[in-house]
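For reference, the structure discussed in these notes is given below.
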Amino acid sequence: MRVAIVRRLPKASFSMDVYADGLVSGLKAVRPDWEIIELTPRSYSLSNKKTSWLQGIGKYYERYWRYPATVRQQVADIFHIIDHSDAHIVQWLRQTNQPVVVTCHDLINFIYPENIQDQAKLPVVSMAAWKYAIKGLKQSDRIICVSNHTAKDAMQLLHTPATRLKVVHNGVESDFYPLPAEEILAFRQQQGLTPDTICLLNVGSNHPRKNVITILQVLEILNSQGMRIHFWKTGADFTKEQKTFIQKHNLTSCIKYLGKPDKNILRQIYNAADILLAPSIYEGFGITILEAMACQTAVISSNVTSLPEVVGDAGILVEPLDVSAMVEAIQHIQQDSSYHQQLIERGRIRAKEFTWEKAASQVAEVYESLVGVQRDYSLQQSMV
């Protein structure tokens with residue numbers, strides 16, 4: 001089978017890169033005889049800031065016209081669009097009469113429109129373009145949902161029948177694993193942490209739904225109580241509002257922004273941290289939780305949306321805005337080493353349940369069912 005994976009522009013979305021890389025590697029492992037072709041849009045940039053509006057037009061042209069036209073010219077048995085934000089390409093592919101699969105990661109922009117407003121220069125235009133793209137989901141042959149929660153949203157918000165949905169949980173990359181104790185100690189020392197310091201970690205973007213301000217409120221309480229506490233942030237930097245909070249509450253000395261590290265450094269960060277604190281208000285999946293668990297880092301997360309699906313009984317789940325509950329959970333881990341070790345062990349076992357080979361095997365079965373249906377239909381047409 002020849003499968004066309006329709007990707008986003010590299011580095012346009014870190015999470016979409018992780019998903020596409022994981023899916024492709026998994027497919028190559030479980031269906032080694034298949035031909036996997038990866039399609040990527042063309043980068044469009046102008047160095048002159050005065051012509052930034054031309055750059056914006058160029059990006060829209062590339063994403064909504066030239067790239068879809070290029071994808072349509074490809075020869076494949078099935079097309080898989082890995083990001084629902086590119087679902088408009090489905091409309092172009094209908095002319096090929098080949099089955100099309102789209103992965104839906106979340107529909108957060110319907111629920112929290114400010115998610116776009118906080119990252120787009122022209123929110124109204126961006127939201128209109130996003131809604132236009134999402135319409136293509138309804139025309140796809142199958143929608144892969146990364147969680148049961150996302151599938152529920154697809155049924156309620158898009159009125160999509162359950163028969164057209166397939167839930168396939170994401171996997172965790174093999175790049176995330178426990179490191180030797182001496183390497184962890186060396187990294188912590190390099191970062192200026194003492195052995196008795198409890199290090200919190202948050203990985204990812206900084207949209208309001210990520211709820212980073214609540215982490216800072218938790219940190220402020222623990223610091224005022226005299227606990228040796230530190231907080232690492234990777235991914236997006238702190239917002240202006242968050243930096244003001246940090247300065248106002250004298251938290252600068254116990255917080256460090258570690259930028260956007262590569263996988264090797266991120267693996268060290270996960271291993272060196274004591275707790276991943278991820279109190280998101282909304283997540284389509286939550287892959288950083290699995291990465292942390294695979295590196296034997298305890299997890300405290302939210303009890304809403306898809307997060308309980310991912311965490312299971314391997315972490316602590318709290319209300320996303322319940323600062324007191326988070327403070328108590330961290331104190332429990334800090335005071336009870338056996339409990340801390342239980343969380344680490346449960347997390348390690350939990351992470352092993354989510355592999356890209358397992359995810360790819362389920363996706364491959366979707367491909368095979370659709371191509372089989374398509375071929376049966378073609379055969380019937382030829383006999384008429």
Side-chain angles (χ1 to χ4, degrees), residues 1-10 12-13 15-42 61-107 129-130 132-146 150-151 154 158 160-161 163-168 170 356 359-379 381:
M1 186 184 300
R2 182 179 169 89
V3 180
I5 302 295
V6 184
R7 301 184 61 131
R8 293 288 304 275
L9 184 69
S13 171
S15 59
M16 291 303 105
D17 288 343
V18 170
Y19 180 81
D21 291 344
L23 178 62
V24 170
S25 66
L27 287 171
K28 289 180 178 179
V30 301
R31 297 293 190 275
D33 57 324
W34 285 7
E35 182 182 3
I36 311 294
I37 60 172
E38 300 180 63
L39 309 176
T40 306
R42 183 175 59 191
Y61 168 76
E62 172 64 23
R63 186 169 186 180
Y64 294 98
W65 187 267
R66 197 205 68 83
Y67 184 45
T70 301
V71 172
R72 184 178 59 185
Q73 294 171 3
Q74 301 299 314
V75 176
D77 295 302
I78 193 165
F79 292 84
H80 187 164
I81 300 169
I82 61 98
D83 183 1
H84 56 274
S85 297
D86 285 335
H88 57 279
I89 299 176
V90 175
Q91 301 173 52
W92 292 71
L93 292 174
R94 291 294 65 173
Q95 302 172 35
T96 68
N97 293 319
Q98 297 300 100
V100 184
V101 174
V102 182
T103 295
C104 183
H105 299 269
D106 63 64
L107 293 171
W130 184 82
Y132 164 72
I134 291 301
K135 289 181 180 179
L137 280 169
K138 298 182 179 182
Q139 299 181 42
S140 64
D141 295 282
R142 192 74 81 249
I143 301 173
I144 301 290
C145 296
V146 299
T150 295
L158 301 178
T160 305
T163 53
R164 292 189 54 243
L165 305 175
K166 172 66 176 179
V167 176
V168 178
N170 293 333
W356 282 114
S361 181
Q362 296 177 61
V363 171
E365 290 174 1
V366 171
Y367 294 167
E368 289 164 339
S369 67
L370 291 174
V371 170
V373 169
Q374 186 72 17
R375 285 173 177 168
D376 289 344
Y377 175 78
S378 299
L379 179 61
Q381 290 294 99

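Here the straight-line distance linking atom CG of D86 with atom OG1 of T103 works out to 11.5 Å at 0.5 Å rounding. Between the OG atom of S15 and the CG atom of D83 there is a distance of 7.5 Å, given to the nearest 0.5 Å. Of the inter-residue distances, the one linking L165 atom CG with C145 atom SG reads 4.5 Å to the nearest 0.5 angstrom. Distance CD/Q362 to OH/Y367: 12.5 Å, rounded to 0.5 Å.
Proximity of S85 to M16: side-chain heavy atoms (C-beta onward) are nowhere separated by under 4.5 Å. Put simply, the side chain of W92 reaches to within 4.5 Å of the side chain of W65, judged on heavy atoms. Residues L23 and H80 are in side-chain contact: their nearest non-hydrogen atoms beyond the backbone lie under 4.5 Å apart. Within the 4.5 Å cutoff, the side chain of I81 has heavy atoms near those of the V90 side chain. Contact check for V102 versus I89: no side-chain heavy atoms found under the 4.5 Å cut-off. At a threshold of 4.5 Å between non-hydrogen side-chain atoms, the residues R31 and M1 do not count as touching. No side-chain heavy atom of Q98 sits under 4.5 Å from any side-chain heavy atom of L93.
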Practice task
Using the side-chain contact (heavy atoms from CB on, under 4.5 Å) rule, take L27 and I5 through it: C-alpha gap first, then chi angles, then the decisive distance, then the call.
Solution key: CA-CA 11 Å; L27 287 171; I5 302 295; 4.2 Å; yes
Problem - L137 vs L158, side-chain contact (heavy atoms from CB on, under 4.5 Å): CA-CA, chis, key distance, verdict - result: CA-CA 9 Å; L137 280 169; L158 301 178; 3.6 Å; yes
Practice task
Walk me through it: do D17 and R8 pass the test salt bridge (charged side-chain N to carboxylate O under 4.0 Å, His left out)?
Solution key: CA-CA 8 Å; D17 288 343; R8 293 288 304 275; over 6 Å; no
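Between W130 and H84, the two ring planes are perpendicular [angle over 60°; tilted spans 30° to 60°].
With sequence neighbours left out, P32 forms a side-chain contact (heavy atoms from CB on, under 4.5 Å) with no residue at all. Evaluation of the side-chain contact (heavy atoms from CB on, under 4.5 Å) rule for N170 yields Y19, V146, F285, I287, W356 as partners, not counting sequence neighbours. Applying the ring pair (Phe, Tyr, Trp, His ring centres under 6.0 Å) criterion to Y67, with sequence neighbours excluded, gives no partner residue.
Crowding of W34 atom CH2: a count of heavy atoms from other residues, nucleotides or ligands under 6.0 Å exceeding 12.
Checking side-chain atoms of H88 against main-chain N and O of R63 turns up a donor-acceptor pair under 3.5 Å. Looking only at distances, a side-chain donor or acceptor of H105 sits under 3.5 Å from a matching main-chain atom of I82. Distance alone, capped at 3.5 Å, places no donor-acceptor pair between the D141 side chain and the V101 backbone. Remark: side-chain polar atoms of R7 are not paired, donor with acceptor, to backbone N or O of E38 under 3.5 angstrom.
The nearest pair of heavy atoms linking A133 to A87 is O-CB, 3.1 Å. Taking both residues in full, the closest heavy atoms of P99 and L370 are given as CB-CB, 4.0 Å, listed atom of the first, atom of the second, then distance. Taking all atoms of both residues into account, the shortest heavy-atom contact from I143 to C104 is CG2-CB, 3.7 Å. Of all heavy-atom pairs spanning R66 and E62, the tightest one is NE-OE1, 2.6 Å.
Checking T96, V6, L39 one by one against Q74, the side-chain contact (heavy atoms from CB on, under 4.5 Å) holds for a single residue, L39.
For the residue pair Q139/R94, the side-chain donor-acceptor check at 3.5 Å is not satisfied.
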